[in-house]
Visitor: 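Sharing a structure here in structure tokens format.
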Amino acid sequence: VNRKRPKFTLRSISSTAIAIASGVLVLAGYLFVQNAEGEPTLLAGIRLTLLNWAIILAGFAILIGILSLFQVHLRKIQKKQKGLIYSLLLIISLVLTFVVGLIKPELAETIFNTVQLPVEASLMALLAVTLTYASIRLLRRRTNLFSVIFLVTAILILLGTAPLPGLGDIPGFSDWLRPFIAQVLAAAGARGILLGVALGTLTTGLRILFGADRPYGGK
Amino acid sequence: MDEIRCPMCGKLNTKGLDICQFCGARLTPMVASKPIDTKPIKAGEHPSKQEDADIEDGNQVAGERVQAGEAPTKKNMAELEPTLPSWLRSLRESQESSEGETEAEISAEQELPFDSAPIGDTKATKVQTDWLSGLEKAASEEEEEIPDWLARLRIDQGDLTTPESEPPAELASKPSEWQPISQGEPERSEGLENEPQFVPSEQIPGSQPMEVNTEWQPANQPEEEENIPAETTSEDQPTWLNKQEEKEIEGKFASQEFEESSASPNVPDWLSKIGSRTDRPDEGISEPIHEPVSLKPEGETESGVTPPAFDSEPPVPSGGSDEIPSWLSQFQADLSKAEEQKAEQEQFETAPEPPTKKSETEALPDWLSGVKPSSTPPDGTPALIMHDEGAPSGEQDAAAFSMNIPDWLSKLKPDQEPETTTEVESAGPEDLEVSELPAWIQAMRPVESVVGEVKAPSRDAQVVEQSGPLVGMEGVLPATPGLGQLSKPPIYSTTLNVTDNQQRYAETFERLIASETQARSGTKEKMVSSQLWRWLIAVMLILAVGLPLVAKIQVTPASNLQPPEMINAFTLIGNLPANAPVLLVFDYDPALSGELEAAAAPLIDHLLLQGPRLTLISTNPTGPALADRLFQGTNASSLVASHNYQAGQQYVNLGYLAGGPSGVLYFAISPEKATPLTADGKPAWQMPPLQGIHRISDFATIIILSDNADDGRTWLEQVGSINVNTPIVMVISAQAEPMLLPYYDSGQIKGLVTGLAGGEAYGQTSILPDIQTGVLQRYWNSFSTGMLAAEALIVAGSLASVLTGLRKPHKKSSEET
């Protein structure tokens, strides 16, 4: 029987009440940190407790994420899906690192320095090559004013970031043009973005406090 | 009820008696009309079939039909003889004595085609027709070469001519004889012309009337009362008998005494009322039915045509014209009109020949043979058509279909008579135009024209289904052919209506499908060339970056740039007191560890020179490992590693701080509760580097190493919300500079070192002894050459792309030409 779910359930009501109460208490803890004697207030203590719970839950979420990753790839191995070898490699690495970390923590640091760090650094290096190739192909793909502006800006920043071999800093680029582009033009846009992010965060916080948004459940 | 009330005297009689025991009047009608004739057809009833000949003949009531050329069967009325009064029987006896003299005349009467038992008005006419017909027969013998059928016809007509004094109500009151009367009316007018020759005779009718009177007396008695004179009315005799006696004595001239008889006080009221009526229905016989044919002469009479027959008739009509009631004058006008019409018919009837008529009748089919004789003999075939000419269009259509009118429909005519009357009266000139058409022209009329004139039946005239599953249901199907306007079904085009956009999309889709099946030789070449270019670019960059590292060639001189944010950071670090607690946050990924380690090495080296107590923490899971790598590994930075800082002694690694912003806030509020243990699982806050540290404000400075603007912003926002006066110095990647530089401009960041260039500048500022030989110098050379190679590739490639793009239109244009 297809029954319409009620708009308000005990679960949604309780979760909304908890979320609003937590937000109000943490916000009140910002305002009422300590009393006249300089001692922390009850609201500050409650806020601190809630923050501690949040940290625990976040740490536990990482653990759950690791377990989920392990389960997903283990299932792929069981079903013999495409990319089986990579899933197998991931699970072996995960289990090995975990075991090594429990048995011999020093060896785990070696694994990190010799495997994880070079791999990630190499991927970042590939990004440099890819960006260079994309810049070369940009005008072939899209020849317009903004492409030209993009390429010219990139070249100017590169010229101003590092001195030329054998020549050193290029006058005008490193001391004026590059700082102007990075700290004036780019910073102006970044400030707008930051202001937008701040207003969005404030609005989202208020909506959650008023119960308009319930990302934790319920509609 | 076991008793029957006498219609004459009003006394009660025992049921079963046919004759009133008080007055001798007949209690039950001598001839009862067929129920199907008199009973109106109601809605939903199934009409019974009846022969058309019966309807048109008017003798259907009697049960026996008299065909053309046949003599009517004489009915035995001897049983009614005792009911006659004595004087009438004596009169009969006296007539029998002279029977031999009139035998020839009687034989002629027996050959009359009339039925011996008419009802209604015909009984009245038959009283006179019997003896008048005898005179007619005698008169007809004098004529030369008259056919038998015409002689009979004229005899019939002569029968109807006598009763001028007979009220027309009698004609109209008979339900079943309307058709014969309609045919006989013109004949009556003809008979009137000869009336003075034989009407005065009183002996002649005496031979036949008894047979007739016994048939019509009970039912027709009220009408006959009109003709009874007052002085001849006897109390000891029945009224009807007085009337009959007077009628036989005075004959037609009794109409002159009509007023006296009607004014007689001895006559009962009901009888006098009857005399004043014109269309009173006959009570004992059937329902009142109006005479349809008499309507047409009536309409024609209104046009002012005066029949000449009445002008030549001295005794009855003209003598009392002033005293004759309106209905009687109307009737006279009808008779005159009928006379004219009869004259025309006679002229037209010269064409048909009597001998061939019978042969034609035999050639007709069976169903038509029963109709033809009954309809044709009195008037002849053309005369019938002439009668129908004045009918409404519907009847004309029926005539066009030649006798296809069903029996039940013809039977409905008497009931629908009033409606027909109104139609005739309102028809007017249209019908007159149609009536001018001869019969043979009407027969040539196309069927479509007749059908087109068929009017759609009204909702009242619903048809009862007689067959099929809808039997008995009324008005289910329309009476007219077709259920409405019939038209050809619309023709829909089988072509697909496609808009231009849809057509374009379809073509594009077809091209895509076609391209799937085509070989991609050209595409492979392009892919090979693009991969080649990628490899070429990678090789060039690797060589540009790797050669300085491998060869350790100093190709790039030191930078002379001194950014102000770097100077502030350097000043802040340089001003730290000895053994000052410093919080060092490692929030960067291993992927950018090369840039961050190279950028932070001069600053940390400068910091360690101050001898601070370091507390390491990270919001990134890999941060603690990177922190240990920076302080303990020799590969990251020889500058930092050279200070030989020991974990637990000079610095404490608190490990990973979960929770993101919440964790940072919690750590800012209560560092001890947020990270009670070190990365090794030991109690952190009991170690020497953390002595005296209870809150974040207890740190002398906070140095944040971050490659992500969001992570750096989180620390700035959460720590700054506690109103901490602890200065914050950030070493960031070059990619996060635009997003974090506003915080420096706002004062939330006291010093900022950006990227490899900032670290190299910080190193040049601190004038460290190993700055030229350290990892930062090697990175700097590789960084410089790699940047130059990238710049060269981008410029060269962009120019090549532009030139290639410019060549393509030329190639296309040349190929087209």
Side-chain angles (χ1 to χ4, degrees), chain A residues 30 33 44 47-48 51-52 54-62 105 108-109 112-113 116-121 123-126 128-129 131-133 135-141 143 151 154-155 158-159 161-169 174-175 179 182-183 186-187 189-191 193-194, chain B residues 533-534 537-538 541 555-557 559-561 563 589-594 621-622 625 628-629 633 635 657-660 662-663 665-666 669-670 673-674 680 713 721 734 737-739 741-742 745 755 757 780-781 783-788 790-791 793-798 800-802 804-805:
Chain A
Y30 274 101
V33 180
R47 182 184 66 166
L48 201 61
L51 291 175
N52 190 18
I55 293 169
I56 295 172
L57 291 174
F60 197 76
I62 292 176
E109 185 177 352
F112 172 78
N113 291 327
Q116 185 174 359
L117 194 145
V119 169
E120 292 190 17
L123 292 175
M124 187 59 65
L126 290 177
V129 176
L131 288 176
T132 304
Y133 181 76
S135 301
I136 293 170
R137 301 274 298 176
L138 180 62
L139 290 179
R140 182 176 295 182
R141 292 280 183 178
T143 306
L151 287 177
I155 292 173
L158 292 176
L159 290 174
T161 300
L164 295 176
L167 299 175
D169 296 326
S174 300
D175 55 353
Q183 298 178 8
R191 286 178 180 176
I193 293 172
L194 292 174
Chain B
W533 277 106
R534 287 180 183 178
I537 292 170
L541 290 176
V555 293
T556 303
S559 176
N560 298 322
L561 298 177
D589 292 328
L592 294 174
S593 60
T622 57
D628 290 337
R629 165 187 161 85
N635 295 328
L657 178 63
S662 300
L665 178 62
Y666 186 54
I669 295 172
S670 177
K673 295 181 180 178
D680 301 334
R713 185 163 54 85
S721 63
E737 181 184 7
M739 295 297 293
L741 194 60
D745 294 336
W780 184 252
N781 289 329
F783 178 72
S784 175
T785 54
M787 291 290 249
L788 180 61
E791 293 166 0
L793 289 173
I794 291 172
V795 172
S798 298
S801 299
V802 171
T804 305

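Naming convention: chains lettered A, B, ... in sequence-line order (proteins, then strands); numbering from 1 in each chain.
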Visitor: Is a side-chain donor or acceptor of S670(B) paired with a backbone partner of Y666(B) at a separation under 3.5 angstrom?
Guide: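 Between the backbone of Y666(B) and the side chain of S670(B) there is no qualifying donor-acceptor contact (under 3.5 Å).
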
Visitor: Rounded to the nearest 0.5 Å, how far does CD of E120(A) lie from OG1 of T622(B)?
Guide: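 Result: 6.5 Å between the selected atoms.
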
Visitor: Given heavy-atom pairs under 4.5 angstrom as the criterion, report whether the side chain, backbone, both or neither of I155(A) touches chain B.
Guide: both

Visitor: Is the backbone of W780(B) close enough, under 3.5 Å, to the side chain of S784(B) for a donor and an acceptor to pair up by distance?
Guide: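 Not confirmed, S784(B) side chain does not pair with W780(B) backbone.
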
Visitor: Look at P165(A), A190(A), P105(A) and state which one has the largest set of heavy-atom pairs under 4.5 Å with chain B.
Guide: P165(A)

Visitor: E791(B) and L158(A): which non-hydrogen atoms are nearest, and at how many Å?
Guide: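 Closest pair (atom of E791(B), atom of L158(A), distance): OE2-C, 2.7 Å.
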
Visitor: Within this structure, what is the CD1-CG distance for the pair I56(A) and L51(A), rounded to the nearest 0.5 Å?
Guide: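 Here the rounded value is 11.0 Å.
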
Visitor: Given heavy-atom pairs under 4.5 angstrom as the criterion, report whether the side chain, backbone, both or neither of I62(A) touches chain B.
Guide: side chain

Visitor: With a 4.5 angstrom heavy-atom cut-off, could you sort out which part of I794(B) is near chain A: side chain, backbone, both or neither?
Guide: both

Visitor: Could you give the distance from NZ (K673(B)) to CG (L48(A)), rounded to the nearest 0.5 Å?
Guide: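 Nearest 0.5 Å value for the NZ-CG distance: 5.0 Å.
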
Visitor: Can you establish whether the number of heavy atoms outside Y30(A) located under 6.0 Å from its atom OH is more than 12?
Guide: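 For Y30(A), atom OH is crowded (more than 12 foreign heavy atoms under 6.0 Å).
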
Visitor: Out of A58(A), A186(A), P163(A), which one racks up the most heavy-atom pairs below 4.5 Å with chain B?
Guide: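 Ranked by contacts with chain B, first place is P163(A).
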
Visitor: Of the non-hydrogen atoms in E109(A) and R629(B), which two are nearest, and what is the gap between them?
Guide: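 Taking every non-hydrogen atom into account, OE2-N, 4.2 Å.
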
Visitor: Shorter than 4.5 Å, heavy atoms on both sides: which option in P742(B), A591(B), A658(B) has the most such pairs with chain A?
Guide: A591(B)

Visitor: Using non-hydrogen atoms only, which part of F112(A) is less than 4.5 Å away from chain B: side chain, backbone, both, or neither?
Guide: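 For F112(A), side-chain heavy atoms alone lie under 4.5 Å from chain B.
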
Visitor: Could you tell me which of L164(A), V129(A), N113(A), I55(A) has the largest number of non-hydrogen atom pairs under 4.5 Å with chain B?
Guide: I55(A)

Visitor: If you round to the nearest 0.5 Å, how far is CG of L541(B) from CG of L131(A)?
Guide: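 The CG atom of L541(B) is 10.5 Å from CG of L131(A), to the nearest 0.5 Å.
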
Visitor: Hey, which of G189(A), G59(A), P118(A), S174(A) has the most heavy atom pairs under 4.5 Å with chain B?
Guide: S174(A)

Visitor: With respect to chain A, which residue among G663(B), S798(B), A800(B) yields the maximal number of heavy-atom pairs within a distance under 4.5 Å?
Guide: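 Looking at each option in turn, the highest pair count goes to S798(B).
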
Visitor: For the interface with chain B, which of L138(A), L159(A), L151(A) has the highest count of heavy-atom pairs at distances below 4.5 Å?
Guide: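 Heavy-atom pair counts peak at L159(A).
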
Visitor: Which bit of L126(A) comes within less than 4.5 Å of chain B, counting heavy atoms only: side chain, backbone, both or neither?
Guide: neither

Visitor: Please classify the contact of R141(A) with chain B as side chain, backbone, both or neither, using a heavy-atom distance under 4.5 Å.
Guide: neither

Visitor: Looking only at non-hydrogen atoms, find the nearest pair between A674(B) and L657(B) and report the distance.
Guide: CB-CD1, 4.3 Å

Visitor: With a 4.5 angstrom heavy-atom cut-off, could you sort out which part of L123(A) is near chain B: side chain, backbone, both or neither?
Guide: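 For L123(A), no heavy atom lies under 4.5 Å from chain B.
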
Visitor: Can you tell which of V802(B), L793(B), V795(B) has the highest number of heavy-atom pairs within less than 4.5 Å of chain A?
Guide: L793(B)

Visitor: Between R47(A), Q183(A), R137(A), Q116(A), which shows the greatest number of heavy-atom pairs under 4.5 Å with chain B?
Guide: Q183(A)

Visitor: For chain A, find which of P738(B), G594(B), G659(B) contributes the most heavy-atom pairs closer than 4.5 angstrom.
Guide: P738(B)

Visitor: Quick one: does any side-chain atom of S801(B) pair with a main-chain N or O of I136(A) as donor and acceptor, under 3.5 Å?
Guide: yes

Visitor: Given a strict heavy-atom distance threshold of 4.5 Å, which part of S593(B) is in contact with chain A: side chain, backbone, both, or neither?
Guide: side chain

Visitor: Side chain, backbone, both or neither: which part of T143(A) has a heavy atom under 4.5 Å from chain B?
Guide: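 No part of it gets close to chain B.
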
